[in-house]
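Below is one structure, written out as structure tokens; the observations come after it.
For ligands, and for the atoms within them, numbers begin at 1 and follow the listed sequence.
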Amino acid sequence: MARAKANRPVLFSGVEVKPGQRQTIHLDVAQLYTHTPLTIPMEVVNGRLQGPVLLISAAIHGDELNGVEVVRQILSLVDPHKLKGTLVAVPVVNVFGFLQKSRYLPDRRDLNRSFPGSLKGSIAARLANQFFNQVVSRCSHIIDLHTAAVHRTNLPQLRVNLDDPVSAAMAQAFGAPVVINAATRDGSLRAVAQAEGIPVLTYEGGEALRFDSSAISMAVKGCIRVMRSLGMQPSRRRSPPHPMVVARSTSWVRAEQDGIIRSQVALGAKVQKGEVLAKIAAPLGHGEFTLLAPKEGIVIGQHTLPLVNEGDALFHLAYFEQQQVEEAQAHIDSLLEEEPNHGMVYDVEEPGLT
Ligand SMILES: [Zn+2]
């Protein structure tokens, strides 16, 4: 095998980071009306040897916090002297939303529908433009970390373009419970980066405004496994690859009437066609409605608020080819057992690199 070449300095927002160094960089994005400058904090870890430039980004939706903690843990694990290539870690992309504990920007626009943005557009378009040109377009691989929207929770899952072999290999290495070969949405970071030929994994796990120890832990380990598969981190031991469980399709089951919901199934559960997902009734108990699974599948997303309006999306089900649903459930059960959710207790041991 050819010996890796010495790395070169990298430049972000006018700050040079030499090989073997790590540097905190503040990307200027705006000035608040308090006259306070608003910057996106990022940490660049530049390895001594050449390799991929991996962006790990979180909180493009400002209320999605699990990824922020994932980035913190990964930064504590990565040593620029042992790293090949460059890690660009951005824990909070949507700094406006993060301050307001909101998914959106102050103009109510969704940053993840605003890429690649423009210099003269809305506040969302300008932030997207700045982040895209200064950071995204300079990276060779991306992992973008999300959670479900507020009042919903997601089983840890990847959304990826499996037709791209590099993205598919990254998804295989990550080892998430479920992989969805998902079409991109216009204006999303994934759509725009993919169009530029940059492979992107979009990770979804847990819910907005909360830490989910299971989703955090699976993401930290998944990112490190991707870094190893790209040759960025040393692999000390050979563990067999996780099976990649790919959903054939997914759909949301919606409320057929409004009321107070009592969910009968948990995230990760396998449900049969016609199985009861939830019961919905008025506060006095009148007119109870039973919501059934339309097909056999696995619950990968769920409404968490007990109050529902008619038409609300309540359960996100993933469907599999026949026979594969058993394999999918065994894989999901073993990962959930390995990485249990500790509820409101957040005191998990950080994974080592061994
Ligand atoms: Zn999101």
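Here the Zn ion (ligand 1) has protein N, O or S atoms under 2.8 Å from it, and they come to 4.
No side-chain donor-acceptor contact under 3.5 Å links Thr202 to the backbone of Asp144.
The salt bridge (Lys or Arg N to Asp or Glu O under 4.0 Å) test applied to Arg262 returns Glu288, not counting sequence neighbours. For Ser102, there are no side-chain hydrogen bond (donor to acceptor under 3.5 Å, both in side chains) partners two or more places apart in sequence or in a different chain.
Between Ile300 and the choices Ile180, Leu267, Leu317, the side chain to side chain contact (heavy atoms under 4.5 Å, CB included) rule is met once, by Ile180.
Listed by first and then second residue, the side chain to side chain donor-acceptor pair (under 3.5 Å) pairs that reach into residues 292-314 are Ser263-Gln302, sequence neighbours excluded.
Taking every heavy atom of both residues into account, Val276 and Val265 meet most closely at O-CG1, 3.9 Å.
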